[in-house]
Each structure stands twice: as structure tokens, then as C-alpha cells.
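See below for the structure under consideration.
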Amino acid sequence: MSEKIAPSDDIIILDNIYKAFGPVQAVRGVSLRVKRGEVVVIIGPSGSGKSTLLRCINHLEAIDSGDIWIDGIHLTHRQTDINKVREEIGMVFQLFNLFPNYTVLENIMLAQRVVRKRSKEEARRIAMENLQKVGIPEKAESYPAQLSGGQQQRVAIARALAMNPKIMLFDEPTSALDPEMIKEVLDVMLQLAKEGMTMVVVTHEMGFARAAADRIVFMDNGEKIEETTPEKLFSAPEHDRTRQFLSRILAH
Amino acid sequence: MAQSKVQSAGASSRWRRMVDPKGLWAYAVVIFGILIVLAIYFDPSYRDAFDYIWPGVQMTLFLTVTSFALSLVIGLLAGLARVSSNPILYNIATFYVETIRGVPILVQLLYVTFVIFPLFVDGLTAAGLGFTIRDVEMHTRVIFGLALAYGAFEAEVFRAGIESIDKGQMEAARSLGMSYRQAMRYVILPQAIRTVLPPLGNDFIAMLKDTSLASALAVGEITHLSRQHRNRTFTTFQPLNVAAFLYLAMTLLLTRGVRYLERRMSPNE
């Protein structure tokens, strides 16, 4: 399966992905296509395999079987340089994962310098641009521990954006935040979606899903149960399991 | 009023600290030190022992610093191999760590000095190198022996330090396109150093004491010179007291230094 595929609109192609952790089958035969500029939101109960699926996209989890193409590059092919592919995929984590020993500015500059080989001046300029974008340029010289959770997550987004990725992955970006900080992070993500960034988002924020998603994928027990538009999902979900899940989280 | 209260509280706590019943051991140490210093000053037999042993301090420090530096290099490499996913590196490093740690250092020193080094150098000599095993000074062999022994301990220190860093750090670095090496170098190791520094400091002090094992190989460090002096003069108290005094003076100073570093390097949360 090493042949190149014809160029298409689909920047992410997941084909029949399987992934197990020991005896636990986390992802069972999921296929998914994401077009350039699309925002796809993955929802589902915890343990449904949605984070694992997301982590397979940039190979933080090695898949057991299936095929992945990122922008026409066969990710699961032996000769693919995974680091090269990852440069093009930004990722935002639930627990931010900022580097505590570096300042905010250094956090955003590090990979630019080391991976993109940008000059110090250029890296700094791009870092400041992205800090501006997420609304906290005044925190450039702070250390991550001095920031609130919402600010840390915005720095993490800026750090990923500074690499000029073609795709952004969000792994429950607001799940570790206090309620009053969720909005500031979602606002940044909405802005990104509006600018046409290709995004795959695992989240429990149904408000965001409704406002930003082109498509919503519902997963349960490692399987893709349903893939549809937000309008259809929230008004008339096709599957029982989807309906149950939605009624549980939208109850109040 | 408030100020004077604060001052008096400060004064009384300072006073209490001076007579802290749990701090009496420190006075005992200082008194022991002063007695030895006085003895060296006024007692010719102590002065004689001191003059004979003093040059050994230089050799002891030289052995400590060079062996420890070398053990850090070995330990870092072996520690990295221990967390590596490469099975060959992992097995070599684990074999090294497990075997070395199970053999007394003195035996290792003898082994390196009389087995490994001769074999190695004889090989080089046979290959046409211009020197033989006799040209390799004993203290050079001891340095390698100590470094090899301590490298195994440092490997475990580094491994623990690396493993103490949250998994998310490596994932974040890799997701930004960094290679494993780059992530190690720029993200993981700089953080691990903080965790690793206090145990490394303690090992440095332990190394200082373990250089005394070199006396078994007639390297002119403190312990060896003190034994020579004993044989030379048939005195026992004087050379041993002076040797213990010299070691203690150095280790106490170093302990202070390590504690200071520890406080300075504690992560600024």
C-alpha cells in the first residue's frame, strides 16, 4: 500500500484504523476523511476511542492496522519521515504540555528554531504575532506556571500555530480548564475555524461543535457510530446510542 | 511597638537556634576539628603526619573530579540507553548497570587495573602503538575503574530523572516535529537536570570518600599516604586522625555546597 494517491481535497484520510492497548481494543475499523479547511468535531463518551483516534493522526499512537494519508503522504509507509509530517500538524493537548523550564516566548520559539531552522529574529517575530493572535502578548516573558489554565492553553495554541501547520488537532482542549476560562480558549478556536484552518477537535463542548463544526463524528466503544452535520445531529440523530449520549449530556 | 516585637521574636529564635539541642553534634564536629588543628600546630608528631599526608589531598581531589566527570558521561549515555526503545542499547546498558552494581568497587578497581587495562593496552601495543601497559600510570587506571563503577549508579540517577518528566512533554515536543534526540536535548534533559542534581551531588561526595580505595593500588592519595606514614613512623593515631580530619573537612564543605545548590535549583513553581 505504498503507492501515492491522487491529489484530492481530502487532507486527512483515515482508512479502516485499528488500535489496541493490550487486550483493550480502543479503535475498531474507523475511516474518516477531512477536507482542506474543514472543521470536524469528534464526540462520544469517555473511553470511546476518540482521543486515541486523534493521536493516531500524527502518529503519537502507532496504529495496528489501516492506512493514514496526510496531505497525500502515506503516514504508515516505512519510508515516511514522521517528523516531517508532524511539522505540518499542530496539536493542542488537554493538559497544555507547555515546557515549564522555558518562558512563553521560548516555548513558542523552540520548535521554530530547532525544526524549522528559523533565525532568532524571525522566530521571535512569528511568536509575537501568534501571541497577539491569542490575545496575551504581554505574557511573553512569563513562565507557564505563572499563567492561568486558559492562558496556558492559548500559549499552547500559539506554539502550535507558529509552525504554520496545515492541520490543527485539539485533544479535549478545555476539559482541564475552570469554567470561566473555557470561553477564552473556544474564542481562539472559533477564530481559527473562521480563518479556514483544517481542524479536528475532540471535545465535550457542544456549543463549539454546533457553532464551528462542518461535520460531527460520534464514536462509541471504539467505533464510528455516526457522521453527520451539526444540524442533523442535534435535531435528529440517526442512532439510538447517539441519542442516548446526547440526551445525557444535553439534559440540563 | 510591632516592630520591636518582630525584632525580639527574631532575636529569641536566633538564640534558640544557637542552643538547639539537636544541633549539638555540629559543636562536637567543630571541637574535633579544632583539636586536630591545635594538635597539628603544637604537636610535632601530628605536624609530621600532616606534612606527609597533605600532598595526598591534591591527588584525592584530582581522582574525585576526573573520575566523577567521566562517570557522568558514562552514566548519561547508559541512562539514555536505559530509556531507549532500541533493544540492543537497552540490553547493553542494563547488563552494564546490573553487573557493575553487584560487584564491590574494590574488586572492580582491581579488575579494571589488572585485567581490563592490560588486555586493552596489550591489544593496542600489538597493533603497533608506541607504549605498553607499564606506561599507563596506576592513577589513570584507577580513574577509569572508579568512573566505570560510578557510571552505573549515575545511569540509574539519569534514568530516574528522565522518567520523572511528564510523558506529555515528550509528546508535545514530538508533535511539534522535533526528533526524539531534539526533544531529549531541548525539552526533557534540561528539566531532568533539576531532579538529578541533588543525588549527583551526593554521589560526588561518595566518590570523594571512595577514592580511598585507590590506596589498595598504591596511588598517593590521602589514605595511602596515611598508611605509609604509619608504617614509616609506627604511629597510628596521628596519621589516621589527620586523614579522617582531611576527609571530613572536604565532605562537610561539599555537603553545604550541595545543599545550597539544591535550594537554588528547586523548581520555581
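Each chain gets a letter, A, B and so on, in the order its sequence line appears, and its residues count up from 1.
Interface remark: A/Leu169 contributes no atoms to any contact with chain B (heavy atom separation under 4.5 Å). The parts of B/Ala173 that come within reach of chain A are both its backbone and its side chain, each placing non-hydrogen atoms under 4.5 angstrom from that chain. Using a 4.5 Å cut-off between heavy atoms, A/Leu60 contacts chain B through its side chain alone, with no backbone atom that close. Within the 4.5 angstrom heavy-atom criterion, atoms from both the backbone and the side chain of A/Arg159 approach chain B. For a residue to count as touching a neighbouring chain, one of its non-hydrogen atoms must lie under 4.5 Å from one of that chain's; by this rule A/Phe96 does not touch chain B. Of the two parts of B/Gln182, only the side chain, counted from C-beta on, holds a non-hydrogen atom closer than 4.5 Å to a non-hydrogen atom of chain A. Contacts of A/Phe99 with chain B are made by both backbone and side-chain atoms, with heavy-atom separations under 4.5 Å.
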- Residue pair B/Phe144, B/Phe117: steps toward the ring-ring contact (aromatic ring centres under 6.0 Å, His included) verdict: CA-CA 9 Å; B/Phe144 278 90; B/Phe117 246 101; 5.5 Å; yes
- Under the side-chain contact (heavy atoms from CB on, under 4.5 Å) rule, what do A/Met168 and A/Leu161 come out as? Steps first, then yes or no, please. CA-CA 8 Å; A/Met168 284 285 283; A/Leu161 288 177; 4.0 Å; yes
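With respect to the salt-bridge test (charged N to carboxylate O, under 4.0 angstrom), the residues B/Arg259 and B/Glu262 do not qualify. Of the charged side-chain nitrogens involved, none lies within less than 4.0 Å of a carboxylate oxygen, so that A/Glu129 and A/Lys133 do not count as a salt-bridged pair. A salt bridge links A/Asp71 with A/Arg36: at least one charged nitrogen is closer than 4.0 Å to a carboxylate oxygen. Between A/Lys84 and A/Glu87 there is a salt bridge, since a side-chain N of the basic residue sits under 4.0 Å from a carboxylate O of the acidic one.
Between the side chains of A/Asn83 and B/Ser179, no donor-acceptor pair of N or O atoms lies under 3.5 Å.
Note on A/Leu98, A/Val85, A/Ile82: by heavy-atom pairs under 4.5 Å with chain B, the leading option is A/Leu98. Ranked by non-hydrogen atom pairs under 4.5 Å with chain A, the options B/Glu171, B/Met178, B/Lys167 are led by B/Glu171. With chain B as the partner, the residue from A/Met91, A/Gln94, A/Arg55 showing the most heavy-atom pairs under 4.5 Å is A/Arg55.
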